[in-house]
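Okay, so here's the structure we're looking at.
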Amino acid sequence: GQFKRLLITITGSQGRVTIGNKCKISGNIAVNSGGVVSIGNSTTMEKINLICRGRSIEIGDDCMFAANVEIRNTDTHAIYEIDGGRRVNPDADVRIDDYVWAAKGVVILKRVEVGRGSILALGSVVSRSVPPHSIAAGCPARVVKTGVVWTRYLKAGKLSDDPTAVR
């Protein structure tokens, strides 16, 4: 892979970061309290900010994350009920399937699953799951279109002319 200005920080015990083959990544990955980060093969991330605590963030193969995408499975600070002391904002997993495109400035929060081939629009805050082959946009993000596929390459012609597009 190619790692340019990538800072990986692991604090506490049993934290782990796994990065697949042929990835291109820059930015920050912070893992704390046994968090586990897994990034699949051929995924690209530009100026990523990934914050993982106690649970997992799993990212599939061939994903494309534009500049300043943030993915977090934690609120960083615990919030407790005054009566009973129960934590109301526990850490939770994030799962991003293969071939997901997150545009510039997207924020993906805990308890989110993003389905294969989906697109997260510019500046969206993704606080709930997105089904496969969908476009989600807004703050909070909502699905605005389904049944789509995207490609890394700009070409004239038909979708069938582009073998790289994942269906």
> How many angstroms lie between atom CZ of Arg5 and atom NZ of Lys47, to the nearest 0.5 angstrom?
Replying inline: 7.5 Å

> Nearest 0.5 Å, what's the OH-OG1 distance between Tyr99 and Thr151?
Replying inline: 4.5 Å

> Any chain of hydrophobic side-chain contacts (each under 4.5 Å) joining Ile119 to Ile48?
Replying inline: no

> Are Leu50 and Ile19 in one and the same hydrophobic cluster, where Ile, Leu, Val, Met, Phe, Trp and Tyr link if side-chain heavy atoms are under 4.5 Å apart?
Replying inline: yes

> For the hydrophobic clusters of this structure (ILVMFWY residues joined by side-chain heavy atoms under 4.5 Å, transitively), does one cluster hold both Val126 and Met45?
Replying inline: yes

> Can you hop from Val144 to Leu122 via hydrophobic side chains spaced under 4.5 Å?
Replying inline: no

>> With a 3.5 Å distance limit and no angle check, can you tell me whether Ser118 reaches the backbone of Ser134 through a side-chain donor-acceptor pair?
In response: yes

> What is the minimum heavy-atom distance between Met64 and Trp150, and which atoms define it?
Replying inline: CE-CZ3, 3.5 Å

>> Ignoring hydrogens, what is the shortest heavy-atom contact between Val125 and Cys139? Give both atom names and the distance.
In response: CG2-SG, 3.7 Å

>> As an exercise, state the distance from SG of Cys52 to CG of Asn73, rounded to the nearest 0.5 Å.
In response: 4.0 Å

>> Check Glu113 with Arg95, please: is the shortest side-chain N to carboxylate O separation under 4.0 Å?
In response: no

> Distance-only, no hydrogens or angles: does the Asn89 side chain make a donor-acceptor pair with backbone N or O of His77 under 3.5 Å?
Replying inline: yes

> Side-chain heavy atoms under 4.5 angstrom apart, residues restricted to Ile, Leu, Val, Met, Phe, Trp, Tyr: same cluster for Ile59 and Val107?
Replying inline: no

> Of the non-hydrogen atoms in Val31 and Arg16, which two are nearest, and what is the gap between them?
Replying inline: CG1-N, 4.1 Å

>> Ala121: which residues meet the side chain to side chain contact (heavy atoms under 4.5 Å, CB included) condition with it, sequence neighbours left out?
In response: Ser124, Ala137

> So how far is it from Ile29 CD1 to Ile57 CD1, rounded to the nearest 0.5 Å?
Replying inline: 9.0 Å

>> If you apply the rule side-chain hydrogen bond (donor to acceptor under 3.5 Å, both in side chains), what do you find for Asp93 with Ser56, and how did you get there?
In response: CA-CA 5 Å; Asp93 296 334; Ser56 69; 3.1 Å; yes

> Roughly how far apart are Cys23 SG and Asn41 CG, rounded to 0.5 Å?
Replying inline: 6.5 Å

> What closest approach, in Å, do Arg128 and Pro140 show between heavy atoms, and which atom pair accounts for it?
Replying inline: NH2-CG, 4.4 Å

> With a 4.5 Å limit on heavy-atom distance, are the side chains of Ile96 and Phe65 in contact?
Replying inline: yes

>> Would you compute the distance between atom CG of Asp75 and atom CG of Leu109 and round it to the nearest 0.5 angstrom?
In response: 8.0 Å

> Is a side-chain donor or acceptor of Thr43 paired with a backbone partner of Gly60 at a separation under 3.5 angstrom?
Replying inline: yes

>> Strictly by ring pair (Phe, Tyr, Trp, His ring centres under 6.0 Å), give each pair with a member in residues 5-43 just once, sequence neighbours left out.
In response: none

>> Does either side chain, that of Thr11 or that of Asn32, offer a donor lying less than 3.5 Å from an acceptor on the other one?
In response: yes

>> Test: side-chain hydrogen bond (donor to acceptor under 3.5 Å, both in side chains). Region: residues 17-29. Which pairs qualify, not counting sequence neighbours?
In response: none

>> Any heavy-atom pair between the side chains of Val69 and Leu120 that's under 4.5 Å?
In response: no

>> To check you understand the geometry: which heavy-atom pair defines the closest contact between Asp91 and Arg53, and what is its length?
In response: OD2-O, 3.1 Å

>> Counting C-beta onward and ignoring hydrogens, is there a side-chain heavy-atom pair between Asp62 and Asp98 closer than 4.5 Å?
In response: no

> For the residue pair Ile8 and Val17, what are the closest heavy atoms and their distance?
Replying inline: CG2-CG2, 3.9 Å

> Mind checking whether Ser42 and Asp61 have side chains closer than 4.5 Å, heavy atoms only?
Replying inline: no

